[in-house]
Structure formats: C-alpha cells, structure tokens
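What follows is a set of notes on a single structure, which appears directly below.
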Amino acid sequence: MPGRNGWMADIYVEVPAKAVDRPYSYLIPDEWREEVQIGSRVQVPFGPRTLIGYVVDVREGELPPRVKAIQEVLDLQPPLTPELVGIGRRMADEYLCTTITALQAMVPSVLKGTYQKKITLATDYDQREVSASLEEMFGSLSQAISEGNGVISWDEACQIQGIHRGILKRLSEQGFIRIHEVVGDKITKQTTTWVWLTSPSDGEMMLRDLPKRAMKQREVFSYLLEKGVEVPLPDLLSATATARTTVKSLVEKGIISWEEREEYRDPYAHRTFEQTTALSFTDEQAAAFEAIMKPIEQGEAETILLHGVTGSGKTEIYLQAIAEVLVKGKEAIVLVPEISLTPQMVDRFKGRFGSQVAVLHSRLSSGERFDEWLKIRRGEVKIVVGARSAIFAPFERLGIIIIDEEHESSYKQEENPRYHAREIAQWRIQEHQTALVLGSATPQVESYYAARTGEYRLVNLHKRVHGRPLPEVEVVDLREELAQGNRSMFSRSLKTELMECINRGEQAVLFLNRRGYSTFVMCRDCGETLACPHCEISLTYHETNRTVRCHYCGYASQLPKCCPQCESEHIRHFGTGTQKVEAELGKAFPGIRVIRMDVDTTSRKGSHERLLHDFGAGRADVLLGTQMIAKGLDFPKVTLVGVIAADSMLHLPDFRAAERTYQLLTQVSGRAGRHEYLGKVIIQTYSTDHYSIQAAAEHWIEDFYRQECQMRKLHLYPPFRRLYTMVISHPDRVRVLQYGQEIARSLNQGTFQYDYQVLGPVPAMIPKIKDRYRLQIMIKYEANPDLNAYVKERVRQATQVQDDADLRIQVQRDGV
Ligand code: ADP
Ligand code: ZN
Ligand code: ZN
C-alpha cells in the first residue's frame, strides 16, 4: 500500500550526542504549514520524551510509516535563517561537533530552553473591529486577561476553549493583543504609547474647530502642535495634566494618532551619545576606503587586510564604509574582541549610527542579550557591534563584515563548537558576495602571509592621523639591572620616567602579563611549589585574603604556614602578580594613585567600565593591569607605558609565543602618546635580543613577519602546514595512555598512503586539569583540499574508536 503524501520537516533534536546527530523527519500539521520554516525551533516527541529541535529542511513527499507530528512551534519568528542553518551544518563538518551543538551556538542562550510567552491586551484594542469569527474567542481571552490583572501566560491562554496558537497569532497581527517573549520573571519588552498630530499642517485650523469648552482637548492639542514631534503618552499626560480618556477622544476624532511600540531593555538607555559626523579622510584613509568599497560595489567576496598602527584611523574608515552599506539598504557586522568592547568603542558606533546599532557582549544579562538579538532578527537595527558570537547575527542582507583586532585569540571559541569567527566570516561573505575587512596593527601571521601572497588584499596605513609620531621605545635589560644591584621590579629608567610623568600631571599605564607570571608559592628549603590537587598547575597567591587559588578549577585554600613536603616554615610567594606590583608601587611612590585592572577587580558587572571611566576622569596616576588593558583604550593624558616583564610569555611551549609577544608589545606601546603629548614606552625584559622584542621596539613590522614566517616554515607550522591538535583526557592515568596510543595508531594508518605526520601522544601542556589526565596528539600536513578531507575523516574516525563515557577528546584546528 503506498503511503500518504504530506509535508514534513527534517529536524535535529537537542541531544548533543553522536548517536542522534542526524535529522529526523516529522509531519507538519496543516495549520502550521506556513509557520514551520527552515530555521524554526519546534517541540517534538522523541521516544518517550518531548524535545526541542531545529528544522533544517521542509519538504513534501511520501510520509514514512508511523511518522510523528510536530507538537509546537516555539518562537514567533524562526530564530535561524536558512543561511545560518547551512553554516551550522558546515560547522559540524569542519569542527567535528554535532550539528545541534553548532545550531545552538548561533542563537542566544535563552533559546536553549523554553522561555515564557505572555499575553496582554493592546492599548488601543477597543478601537478595532473584531471580526465575527474571532469575536467569541477574543471575548473569553480578554476576560481571562482582566481576571489575571492584565496578563496571562501563553499556556493559560491555550487552555481556554477554542483558543490555540493560530488564533493568538491572528489576534496579535490584527492588533488586539500583544505577545511578549519573557526571559526570567520580567516581561522582556516594555511598551510605550507614542502620540502625534495626525496632520500637523492643518493644525491651526483644527484647533479652531475644536469646541471652546473642550479645554483639556485644546491643551493636549496645543502641546503636540508646539512640540512638533511624537511624544510618549505618559509625558503628554503629565505635561498637560490630562487623563487618558481626553487623548482617546481626540484619537477617535482622528485629530491625533497614537501607537503602542515596544521598548527594549536597553543597557545603554541611561547614556546619551554625542552625535558625530564623518571626518574628511587623509590620503591613506581614502585609499583604504576605496579598496573596501570595491568588492561591495561590485558584489564580490573579498577579504581586505587593513594593516594600520593604532591611531591610524581604522575605526573612522569602518564607520564610513558602514554608512555606505546602509545607504544600499544592507547590514553590517562589526566584531571587536570582548575586552576591547569598551564604552569608548560602543560610543563611536552609537555616536555615528544611534539606535541602528545593537550591541552584543558577554557582560549583558541573558535577557538583555536576547533583546538586542531580537532587534537584529526583526530587522530593527542594521548594525551589530559585538564579540565573537555576533558573527552569527541573523541578518539577511549583509553588506560588510568587519573584524577589528583580527589577530585576537578571543575570536576562537575554546569549547564546542570550536569555531573561529574569521572563518565563519569567510563563509558569510561568500554567501552575500561582499567585503570582509580584517583590521589590525599586528595581524595574525597567517593573515599577513595570505595578504602578502595575494589571497587577501593588503591595505597599509603607515601613518597615524595628523602624523603623530610613534612613541619612542626603550628596552631595558633586567639582567643588567640585577648586575647593578637593583632588585626591585622597576628598573631605574622606569622609576625616573614614572616619577617625571606623575610630576607633569600626566598618566601612565603599567602592563603586566599575567600568564606564566603570577605569584606562585615555593618552599625555599626543598623547592616544592604549591600545586592544585586537581590540576597540575601552580596555585596563585592572593594577597587580600591570604589564600592560594587555582585559576583553572577555582580550588582555593588558606596559605599554609609550612611546606606540605618538608614542613619548613620558609614558604614564600614569588613572582609578580598585579597585586604585588600595586603594593610595590605604593612603597616606591608614596601617595601614588593606582587603578588595578585584572580578573579580580573586574569580575562584577560594570566594574570594567567604571574603572576605565575613573582613570579617564583623572582619578588615578597609574592604570595597572593585565592583557585586558593592552588594547582599544585611548586616553589623551597617557604618556608613559611600562611593560614590567616582556618575556614572561616568550617561553611558553606554543608556536605562537613569539607572535603573541610581538603583538602584545606593539599593542601596549600604542597606548602611549595618542594625542598632543608625546609618548614613551619602556619595555623591561631578560631577552633583549629576541627578534619579537626588537621588532616591536623598533617598529620593524615587515622584519618581524619575515623572520617569523621563516621560523614557521622551518618548523612546519601554519601557514605552511595545517594542524590538528587532539587533547585526550580521562580520570585514569593508565587508561588515558592506552587510549592515546590506540588513537595514534589509528591515525597513523593513513600515513603509508598519504603525506601527513602524527606526533604524540605526549603529555599536554597542562598534564592534569580538574582530576583528568591529559595527553596531546598533533597532526601536521600540507594544506590541500584532498588531504584536508582525508585527514579530517581520519580524525573523525579516531575520535570514535572508544566507547567510554569518561573519555573526552577535544579536537582543535591550527591552534589559533
Ligand atoms: P584606529 O582605529 O586605527 O586606532 P582611530 O579611528 O581610532 O584609529 O583614529 C584615531 C583618532 O584619530 C581618533 O580620535 C579619530 O577620531 C581621529 N581621526 C581618525 N580619522 C581622522 C581624520 N580623517 N581626520 C581627523 N581625525 C581623525
Ligand atoms: Zn619544603
Ligand atoms: Zn585546579
């Protein structure tokens, strides 16, 4: 017997397991034919459970026997576009994760569960004619709403006789009710009624026609006439001391109009943004702008590497390119590293484009993030400025993607799906045939190489705007200081300069790289260092409450009084943490005002902004901090930048160590003398002759990239080779070794036929984290499409050889 024909949806359900990582077909009930689209989030029966899933395809065909039906469509508008669904499937393939994990990564976290939908009456529902078919239903609904003090939940509404999703949608579309998507316990969107004169040009005449007795009406009318713009109803009522009914009767006469509009929780609502206008370009800027506009005008996908020192006017170029894109009715995505998504950065975009900008960063609450995202999804904003995940902004007419500070490692996600925003951006510009702009003073080596070899277009901005010179950089040899008997953490040079800077009433930034350089605790007698009992990593000493803490798992304990190994009391903390530098500064410069910025002082929401604001307002002489102060800041009074120890990250076992050192030093140097004052930079180091430090100090940009590329070529690293790094972890030390060897053996099978290398297993850089032992295997190969596909498949198979719930295998590509 042939099966029935019908409409079906292919759905990935929210179970992140390899076993169910495939689409399942469900019947689309007739009433939802229109609503179920590619990208819709739906509820479906799955075995004994009910699960949420994403629709990846909709088709008509022969229904499989015993096909189950979709139970519910969850959102008013599909959260994903067809383009994003395609990207999700591609991510699953490229990054070896499940498709559902990739799809979930593209939507706000509140959509990972269900949220509430609530229903209220629209302000002006009583001015509308309800159709006969809806009359009865609307009657019982509005009664339920008033019994519920003005609001009922979606589920309650659906329990009313005769009311279902379709009816609610129709009532909402026709303006009788409002459906609010609620996150947490608050209604996500507030609504405000706006009022305006229907035809202001006839205003004088209409005022004459109003009856003299209608004092209040005349008053309301004159107020609006005088204002000449739309005003919020509450403002109008308080300004004219009138009741709502007065306004309503004017509306009924058609003299004035009103409309209820949604207002979002806007994290920037309390701030005003000074409007800015386009500056006229320097010659270099104009050339860069033209290069960016070319693919946009011609509708071609092209990546442009905008290589320009800090202060060379890149942001101004972004702003004007976006303005052009908006003129074309298109949209823009701007990615900024999380830590430089500062109020200063936001100001520049809001200042130029006002409410057309949505901002997405991780310091927003999940409700706030959801609100910003909804504005994008509904096309109410044209620009999104955000951190990594903003690359998934559901725009449908994308006209440009800009990735500022493109070398930043925060564009790579460290957990599944391990995507790189730059790569997703490449896919998106292919889809939309437009420009991707990568901006940086210190591009990633791979990007620079791609630009030098013609894969990207390279545009240089050599000069700072107004020809402000780059700061003078002095490299101080710390070995020499020690030889001269200076045991403090400040060289004589840095001390002198800091003193003079403060005396001149200017400001300094002191930079301390925390990685590998925080305070550890060591026994002077036996040399034992205190390590986390769960992770093989040194504990960090915290002065404020005399505790030691693990920065990987959060383990904390009191500083022991004696060595746990030999019981000696000579247990001391060593190294230089930000807290320690702060204390030393206080000793060396009595009365100095220091603002310290590190993970401890910025963990609370808003504290990051507040500290920067205080520093900008001149409430401190020194800003002392970690990586997070290295970029993006622009304070006119900063004339001195000091780097306490430049080589603290040079010796990490990472092929990017030299690159990262160079980038960091160049970035921090860029903080000095950005305005009328001249700047000075002092770099303290034990490795004065390393090329990354020299190149940063002398501003030898090309030299650095040339030397670094030679090293990479010699040691077979990207961009000359592709890499897969696998980290295999397990709570059992013996088992992890067995698995490691098995996986390596499986990977090695192809090496007879194909040209790639398998290195390892070896202990990972951190051999134990959170009680799990970790091994690493690296696979290196020459990048070509065939080999890429083959190696990927090998890696995929190797990750599936073992069936052990305790075994975890992380795969990451190219170590970006
Ligand atoms: P970058 O993003 O490369 O660090 P910015 O765009 O922030 O550079 O520019 C540095 C400073 O110069 C900013 O204060 C900016 O307003 C200003 N500026 C940029 N372009 C121009 C221009 N064409 N004319 C005048 N000032 C400019
Ligand atoms: Zn000891
Ligand atoms: Zn730990």
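One-based numbering, in listed order, for ligands and for the atoms of each.
Exactly one residue among Tyr705, Tyr717, Phe720 makes a ring pair (Phe, Tyr, Trp, His ring centres under 6.0 Å) with Tyr449. That residue is Phe720. With His407 as the partner, the side-chain hydrogen bond (donor to acceptor under 3.5 Å, both in side chains) test is satisfied by one option alone out of Arg656, Gln444, Gln667, Glu446: Gln667.
Here the shortest heavy-atom distance to atom 8 (O) of ligand 1, taken over Gly439, Gly313, Ala441, belongs to Gly313.
The closest side-chain donor-acceptor pair between His432 and Glu83 falls under 3.5 angstrom. For the 3.5 Å distance criterion, the side chains of Gln812 and Lys412 qualify, holding a donor opposite an acceptor. No hydrogens or angles considered: a donor-acceptor pair under 3.5 Å links the side chains of Gln684 and Ser491.
The closest approach between a heavy atom of Gly308 and any atom of ligand 1 is not below 4.0 Å.
No part of Glu405 comes within 4.0 Å of ligand 1, judged by heavy-atom distances. In Ser280, the part holding a heavy atom less than 4.0 Å from any atom of ligand 1 is the backbone. With a heavy-atom cut-off of 4.0 Å, Val309 touches ligand 1 through its backbone alone.
Counting only heavy atoms from C-beta outward, the side chains of Ile682 and Val643 never approach each other to under 4.5 Å.
If you number the atoms of ligand 1 from 1 as listed, the ones under 4.0 Å from a heavy atom of Arg348 come out as 5 (P), 6 (O), 7 (O), 15 (C), 16 (O). If you number the atoms of ligand 1 from 1 as listed, the ones under 4.0 Å from a heavy atom of Phe281 come out as 23 (N). Using a 4.0 Å cut-off to heavy atoms of Thr315, the atoms of ligand 1 that qualify are 2 (O), 6 (O), 7 (O). Interface of Glu316 with ligand 1, defined as ligand atoms under 4.0 Å from a residue heavy atom, comprises 6 (O), 19 (C), 20 (N).
Sorted by first and then second residue, the salt bridge (Lys or Arg N to Asp or Glu O under 4.0 Å) pairs with a member in residues 696-708 read Arg452-Glu702, Glu702-Arg706, Asp703-Arg706, Glu708-Arg712; sequence neighbours excluded.
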